[in-house]
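Structure record follows, encoded as structure tokens.
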Amino acid sequence: MTENTQQAPEHRGPHSAAPADLPTQYVPAEVEEELYERWVERGYFEAHAKSEKPPYTIVIPPPNVTGSLHLGHAFQHTLMDALTRRKRMQGYESLWLPGMDHAGIATQNKVEQQLAEEGKSRQDLGREEFVDRVWQWKEEYGGKILGQMRRLGDGVDWSRERFTMDEGLSRAVQTVFKRMYDDGLIYRAERIINWCPRCLTAISDIEVEYQDDDGELVSVRYGEGEESVVVATTRAETMLGDTAIAVHPEDERYAHLVGREIKLPLTDRSIPVVADEHVDPEFGTGAVKVTPAHDPNDFEIGRRHDLPALQMMDERGTLTVHGPFEGLDRFEARSAIVAALREQGRIVSEKRPYVHSVGHCSRCKTTIEPRLSMQWWVKVGPLAQASGDAVRDGRVAIHPPELSSRYFDWVDNMHDWCISRQLWWGHRIPVWYGPDGETRCLGPDEEPPSGEGWHQDPDVLDTWFSSGLWPFSTLGWPEETPDLEKFYSTDVLLTGYDIIFFWVARMMMFGLYARDGVPPFRTVVLTGLVRDEHGKKMSKSFGNVVDPLDWMDAYGSDALRFTLASGANPGTDVPIGEDWVKASRNFANKIWNATRFALLNGATVEGPLPESAEMSAADRWILSRLGAVVAEVDAHYDGFEFARLSDTLRHFAWDEVFDWYVELSKSTFAAGGRPAEVSRRVLGEVLDTTLRLLHPVVPFVTEALWTTLTGGESLVVAEWPKDPGFRDAAAEAEIAAVQRAVTEVRRFRADQGLQPGQRVPARLVPDAEGSPLAAHEEAIRQLLRLQRPDDGFRETASLPVEGAVVALDLSGAIDVEAERKRLAKDLAAAEKELQQTTGKLGNDAFLAKAPEPVVEKIRVRKAKAEEDIARLKEQLDRLPSA
RNA sequence: GGGCGCAUAGCUCAGCGGUAGAGCGCCUGCCUUACAAGCAGGAUGUCACUGGUUCGAAUCCGGUUGUGCCCACCA
């Protein structure tokens, strides 16, 4: 490999590098790291609160410290990076704020796991030492993802990096907590919560994953003779905590029992029969055991009927009721109790398989145990209302709009949020309890109460409590900092649709509350999930998880980024496969080589663009297209249509610029003179602009090439192109005609099996009215590799194209049969077209109702079909017979 | 149980009322001095099924089937 010009010194003038030194292949590894370091050193990504420029802000969804970069991150980061880079180029004070989440339960689990390998538990260390250990762990392993972000090219402002446990962010947490506590929006209450017997903490409703598990439904007879009821249950082990039997108030089968007491099997207790609307008489026997301490429904029934709640398990799910079952695990207890009941003849109908939905801890998959427990809650009513309204009244837009229904479903039906966690890693609840049952909630600047008997609540907050403050806590709130003033509220919040509830809704609640009704962001852009090339979820068990670094190593960051952006249809999942990344790598290489060609041919960005009168049709055509593409790309950016903007750019760059325009310009360059000078300037202009347009998505390769091409400082701070509004419909039509003619002749040659080396003299014969091709004879000849006609020219084949005829001297080499077949096929197609269009135009209803442009289009099609048929027939007639 | 979405070329997906598209893959021919990570040409679809609206439906409406996701206090 030759030496890479990118290692040449910065700030060289235009074309000072010998372009021939550019290697013929783009090698990402040779430019990426160096460019990123340069960008960071020069402070391009740092935003300034004092800037006069209008702000544009995106805060990163803070990844967990425990995590490493996966394709989902790479995907979202690519989009956020593209958005902020473009805005920066457009002259905004563009801030993309990075950081990480302490991820309470996930991180604590991780460190506990590590301890377990040393044969220790967190209790062995004690709280303080354990938390130290987590911090240590965070310093050592946390933030791995931040290094990976550099590889991806993320243009984040590293000077503003935040962590949810930073001092400043902790102040924000405590400030909000205190305010909400004082406002009565945070309270403490004993309720049924979702308890994870492995993590040993409460978790919120959305941290529970329900899945259909196989269970068994057994029917058990409670009581004796007349005074007996049969209940159906899947959770026999909880019967020791039963404090009632409930039936429907209108169920005549049990009317006589309501109010009576029935003896509970395996115990000395008797429990009442109560009538409650909740019971479905159709289900099972129509009678249900009530265990208020271990089932949320039963808890409600208990409240309505003033029943005691009997806690019969400890925090690990072990039975605590005195007797033969004490000390058994909940699942062992289930079979033991069923066996005991069977022995007593109380199992009325045997177990039958029953599939029902069972909750599991989203962290460790352990079956959740509903448990009666004292916890802290956020009263969501007013906050949820405001959160819904902000979207309903348009202050916040959700993109794509289809996904807003999910948001509304959630905020409009939100239950109070359990925010306390029985963990050690996290923001400690700032509440102190006094010796006389006093409770004191402290703000960040308040000293803890001194004196005997005061102690702080041992629990910490749900990790999403601090994430919910992220858009403003990271900007300095509760202080009214210049950052907050300048960059809040943020412009776009881009994240996966899977955390609408966890994060988006909560940021809305907190943001609207803390900032007096100002929403934390104006637009929410929801992305899908990254999946494998067959649309399957990536998971360790499938073995289809891909480390983005592997692909970046193999194909470069740009290739990965471009592939991800190409797949980003709004709100839908993104499949990705290695072959696609490879294809994007090829695109990057194509950009590389096209620029190399331009440099070799003296393309320039110096001086003003030549007058359009001086330009060739090809020059005017490509500039006309360029303007249209700038406008189109802008529209796609504004609509967050990343797949479309990627497609638009790839098609324009590869097909139109790198292929047709470059090929057409070759004959111009070869001819030299003023036209060549003009084209060199136009090619420089088009490449310059195209590289700018591509930069936000593929920052590395574009930067490397653009600085060489233009001698400019950096694309990161270059200006975003504006559509100059130059359009030339005539030039566009002319070049389209050339393209069609060239394709037509190529097709002929391919059908004829003509070797490229074969000598084919040809002449372009414009018809009487002139042809748009007339001016392009030399270019066409070159594109098709046709010779000039010589004295012995003998026309043996002619191709009518675009108002002209390409006469070819094949000197008897023509394959008559192949040509006959081809013409016959074309003729059939033309006849079908004629039939269709004639039919349409003969339809009065169509003529009466269809809009004029549509009718006109059909007329044109019909005329063309007629022409084609006549021409093809003539050609067929002229073919020598075989 | 409720809600949302999707069914278009071998694969992954655009298109969403006026001649069926892209990328990858496939076939054929080319090392044409920017690029073989390339170039040229080509093949491939009753647009799930079924009614309807319309001059005209892949596109709008109803139904069916299949499929994915979300929500729900399914003893």
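Every chain is numbered from 1 and lettered A, B, ... according to where its sequence line falls, protein lines coming before strand lines.
At a cut-off of 3.5 angstrom, the base of B:A37 holds at least one donor-acceptor pair with the side chain of A:Arg585. Side chain A:Ser357 to base B:C74: a donor-acceptor pair is found below 3.5 Å.
The side chain of A:Arg644 approaches B:C16 more closely than any other nucleotide in the set B:G38, B:C16, B:C55. Ranking B:C35, B:A40, B:C24 by closeness to the A:Arg746 side chain, first place goes to B:A40. For A:Asp409, taking side-chain heavy atoms from C-beta onward, the closest of the listed nucleotides B:G3, B:A34, B:U32 is B:G3. Of the candidates B:A34, B:G23, B:C71, the closest approach to any side-chain atom of A:Phe501 belongs to B:C71. Closest contact between the side chain of A:Ala850 and the listed nucleotides B:C11, B:C13, B:C55 involves B:C55. Here B:C55 is the nucleotide among B:C13, B:C55, B:A43 with the atom lying nearest to any side-chain atom of A:Phe846. Distances were taken from every side-chain heavy atom of A:Lys849 (C-beta onward) to each of B:A34, B:C55, B:U12; the shortest belongs to B:C55.
Along RNA chain B, the nucleotide closest to A:Glu402 and the one closest to A:Val355 are compared, and the more 5′ of them pairs with A:Glu402. Nearer the 5' end of RNA chain B, as judged by each residue's closest nucleotide, is the contact made by A:Asn569, out of A:Asn569 and A:Gly286.
The number of heavy-atom neighbours closer than 6.0 Å to CD of A:Glu856, taken from other residues, nucleotides and ligands shown, is above 12.
Distance, A:Glu744 CD to B:A40 P: 16 Å, rounded to whole Å. Atom pair A:Leu784:CG and B:G41:C1' shows a separation of 12 Å (rounding to whole Å applied). Protein atom CG of A:Asp412 is 20 Å distant from nucleotide atom P of B:C70, rounded to whole Å. One atom, CZ of A:Arg747, and another, C1' of B:C30, lie 19 Å apart when rounded to the nearest Å. To the nearest angstrom, P of B:G1 lies 15 Å from CD of A:Glu282. A straight line from CD1 of A:Ile206 to C1' of B:C71 spans 12 Å, rounded to a whole angstrom. Spacing between atom CD of A:Gln739 and atom P of B:G41 amounts to 11 Å, rounded to whole angstrom units. One interatomic measurement links the two molecules: CG of A:Asp659 to P of B:C35, which rounds to 15 Å at whole-angstrom precision.
B:U32 and B:C39 have their C1' atoms separated by 8 Å, with the value rounded to a whole Å. Here the separation of B:C69 from B:C27, taken at their P atoms, is 35 Å to the nearest Å. Comparing the C1' positions of B:A43 and B:A20 gives a spacing of 16 Å, expressed to the nearest Å. Distance noted for atom P between B:U59 and B:U8: 13 Å (whole Å). Atom C1' of B:U65 sits at a distance of 30 Å from the matching atom of B:G25, rounded to the whole Å. With both ends at atom P, the span from B:U46 to B:G52 equals 23 Å, rounded to whole Å. For B:A7 and B:A75, the C1' atoms lie 38 Å apart once the distance is rounded to whole Å. Taking atom C1' in both B:A58 and B:C6, the straight-line distance is 14 Å, to the nearest Å.
Proximity of A:Lys590 to the phosphate of B:C39: a side-chain N or O atom is located under 4.0 Å from OP1 or OP2. Neither OP1 nor OP2 of B:C69 sits under 4.0 Å from any side-chain N or O of A:Arg406. For A:Asn589, no side-chain nitrogen or oxygen approaches OP1 or OP2 of B:G38 to under 4.0 Å. Put simply, A:Lys666 has no side-chain N or O that comes within less than 4.0 Å of OP1 or OP2 on B:C39. Considering only side-chain N and O atoms, A:Trp592 lies nowhere under 4.0 angstrom from the phosphate OP1 or OP2 of B:G38.
Between A:Asp647 and A:Arg644 there is no salt bridge, since no side-chain nitrogen of the basic residue lies less than 4.0 Å from a carboxylate oxygen of the acidic one. Classification of A:Asp826 and A:Arg747 as a salt-bridged pair holds, one side-chain N sitting under 4.0 Å from a carboxylate O.
Judged purely by distance below 3.5 Å, without hydrogens or angles, the side chains of A:Trp660 and A:Asp655 never pair a donor atom with an acceptor atom. Looking only at atom types and distance, the side chain of A:Ser204 has a donor-acceptor partner in the side chain of A:Glu207 under 3.5 Å away. For the 3.5 Å distance criterion, the side chains of A:Tyr497 and A:Asp573 qualify, holding a donor opposite an acceptor. Side chain to side chain, A:His305 and A:Asp276 meet the donor-acceptor criterion of an N or O pair below 3.5 Å.
Within 4.0 Å of A:Pro851, counting heavy atoms only, lies at least one base atom of the nucleic acid. Heavy atoms of A:Val662 sit under 4.0 angstrom from at least one base atom. Using a 4.0 Å heavy-atom distance criterion, A:Lys840 is classed as a base contact.
Look at B:A22: its Watson-Crick or wobble partner, with both distances under 3.5 angstrom, is B:U12. Figure legend. B:G38 is base-paired to B:C30; pairs are counted as Watson-Crick or G-U wobble with both atom distances under 3.5 Å. Across the strands present, B:C4 finds its partner in B:G68; the criterion is a Watson-Crick or G-U wobble pair with both atom distances under 3.5 angstrom. The nucleotide B:A58 finds no pairing partner, because no Watson-Crick or G-U wobble arrangement with both distances shorter than 3.5 Å includes it.
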Exercise for the section: Start with the C-alpha gap between A:Ser667 and A:Glu778, add the side-chain angles, then the distance that decides, and say whether side chain to side chain donor-acceptor pair (under 3.5 Å) holds. Expected result: CA-CA 7 Å; A:Ser667 58; A:Glu778 210 40 54; over 6 Å; no
